[in-house]
Amino acid sequence: MNLSKFRQRGPFEWELPASGRMRVPGVIFASQALVEAMDDKVGEQIANVASLPGIVEAAYAMPDAHWGYGFPIGGVAAFDAGEGGVVSAGGVGFDISCGVRSLHTGLKLADVEALKPRLADVLYRRIPAGLGSTGALRLSAREMDAMLLGGARWAVEAGFGDEADLARIEESGRMAGADPAAVSEQAKKRQRDEMGTLGSGNHYLEVQVVDELFDIRAARAYGLSEGDVLATIHCGSRGMGHQIGTDYLRAMVIAAARAGIALPDRELACAPLDSELGRRYLGAMRAAINCALANRQILTRLTRQAFAELFPGIRLPLLYDVSHNTCKEEWHVLGGQRRRLFVHRKGATRAFAAGHAELPAEYRQVGQPVLIGGSMGTASWVLAGAAGTGEHAFASACHGAGRAMSRHEALRRWQGRSVVDELAARGILIRSPSLRGVAEEAPLAYKDVGAVVEAAERAGLAVRVARLRPLVCIKG
DNA sequence: ATGTTC
């Protein structure tokens, strides 16, 4: 990134002052090395987002940011409905409510080390993975609507988990305001057979060990000790989210023109929050959030069954479940005023600071668990919402390592087979239906996740709690 | 991310 137009606010904060059509500045939270390595398109995209009607404070990019559809991935932007604010399908992304859920296994490294190959095989057999994969469930129209309204709560009531799971999920497992009638028949049809499936791309199920603790107090609150084994699921709303994104993007291109919104980029298509289309999109997007929460709940059940094959009687309670592709209505204080905002987080994790009323009581003293999925074969991280430093970017943090190159470039550089073999030699077992997918997800196709989370911490977005090392990865 | 181009 050419930084000549940027002003450095602090060692980990870079401001692109408002100019031209920008209504607010753009701000990137990153180290100098990370921001210099970012594509110039990230700067162009935050400038474009900053020009949208009703945006407040700034258009933000997290340290893992990279070029995306309209909005950068790793982007955060909040809008005020009372000031003509908009909602944008491209600001949420196509994989609506893609997110990360971590489960405690109660096992230690020594318990699983010798069983790793069997664990990998059992998980791979039970977890449907890959493009177009289908699950054991076939939802009727009535069940589909109940799922879209109920999210993980619907899944728990259908036998896919325990009541206790719900307290460890954002929104207590059920996003309010979902409108199944705003979801097209096509979107429902695509999802009918896909509940309880991992999908493809960067989605995975990983068995991990807590390698090192960085914040003992928060680790204790989260129930983490060195040597603990976790199971982590990274996936989203499958075909449904993608179809909703496609449907509404098309409608928003027309609606934006009709509302007289000049779009700097067609991919920023949006609708006023205070409009019929804006309300319908929010209803459909919230239904897709519930779809993703239900999907991760069903995958949790499959994961528990797989572990129980090797460890009879085992329980896998939730650590937490975060969604990192959403638009959520939240209250934030701006210039001393409490305001109701619609916060788009696209490849960005909500990161409530300590004391937030929506956090489970046992986490309230240390802040929200922020689950960071690393790239395949590299570390993942648990962070805590910005305790002590105050919230930034509407209480948001990074979501992963962030791609450092395109899938195309990764395919040119690596072969899936050798990536699998090299990771196996390091004790990391990969199981995937797609060697091509594995090549696209090669560890070096991503930024250094350690540098990303360090920048997130030093920018004040979140605090590092624990680093996790992968043992087994079921790759979609 | 994605029935990888209705």
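Worth knowing before you read on, the calculation uses all heavy atoms, side chains too, and leaves out hydrogens, waters and symmetry mates. The structure presented is a predicted model; accordingly, all values stated were derived computationally and were not measured. Proteins come first, then strands; the chains are lettered A, B, ... in the order of their sequence lines, and each starts at number 1.
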Checklist entry - Between atom CZ in A:Arg407 and atom P in B:dT4, what is the gap in whole Å? => result 14 Å
Next on the checklist: Can you measure A:Tyr69 atom OH to B:dT2 atom P for me and round it to whole angstrom units?
Outcome noted: 17 Å
Checklist outcome for this item: Of A:Arg250 and A:Arg403, the one whose nearest nucleotide on DNA chain B sits closer to the 5' end is A:Arg403
Next on the checklist: Within the 4.0 Å heavy-atom criterion, would you say A:Glu194 contacts the bases, only the backbone, or no part of the nucleic acid?
Outcome noted: sugar-phosphate
Next on the checklist: How many whole angstroms separate atom CD of A:Gln186 from atom P of B:dT2?
Outcome noted: 16 Å
Checklist entry - Can a side chain N or O of A:Ser200 be found less than 4.0 Å away from OP1 or OP2 on B:dT4? => result no
Checklist entry - Once you round it to whole Å, what is the distance between C1' of B:dT2 and CD1 of A:Ile73? => result 13 Å
Checklist entry - Taking CG from A:Leu411 and C1' from B:dT4, how many angstroms apart are they, rounded to a whole number? => result 12 Å
Next on the checklist: Between A:Glu206 and A:Cys473 (side chain of the first, backbone of the second, donor and acceptor by atom type, cut-off under 3.5 Å), is there such a pair?
Outcome noted: no
Checklist entry - Do the ring centers of A:His392 and A:Tyr60 come within less than 6.0 Å of each other? => result no
Next on the checklist: Need one value for A:Gly245: base, sugar-phosphate or nothing, where a base atom within 4.0 Å counts as base even if backbone is also close, heavy atoms only.
Outcome noted: nothing
Next on the checklist: Would you say the rings of A:His324 and A:His234 are close, in the sense that their centroids are separated by under 6.0 Å?
Outcome noted: yes
Checklist entry - What is the distance from CG of A:Leu249 to P of B:dT2, rounded to the nearest Å? => result 17 Å
Checklist entry - Which part of the nucleic acid does A:Gly201 contact within heavy-atom distance under 4.0 Å: base, sugar-phosphate only, or nothing? => result sugar-phosphate
Item to check | Interatomic distance where CZ belongs to A:Arg436 and C1' belongs to B:dT2 [whole Å] | outcome: 13 Å
Checklist entry - Is A:Glu185 salt-bridged to A:Lys189, going by a charged N under 4.0 Å from an acidic O? => result no
Checklist entry - Atom CG of A:Asp247 and atom P of B:dC6: how far apart are they, to the nearest Å? => result 13 Å
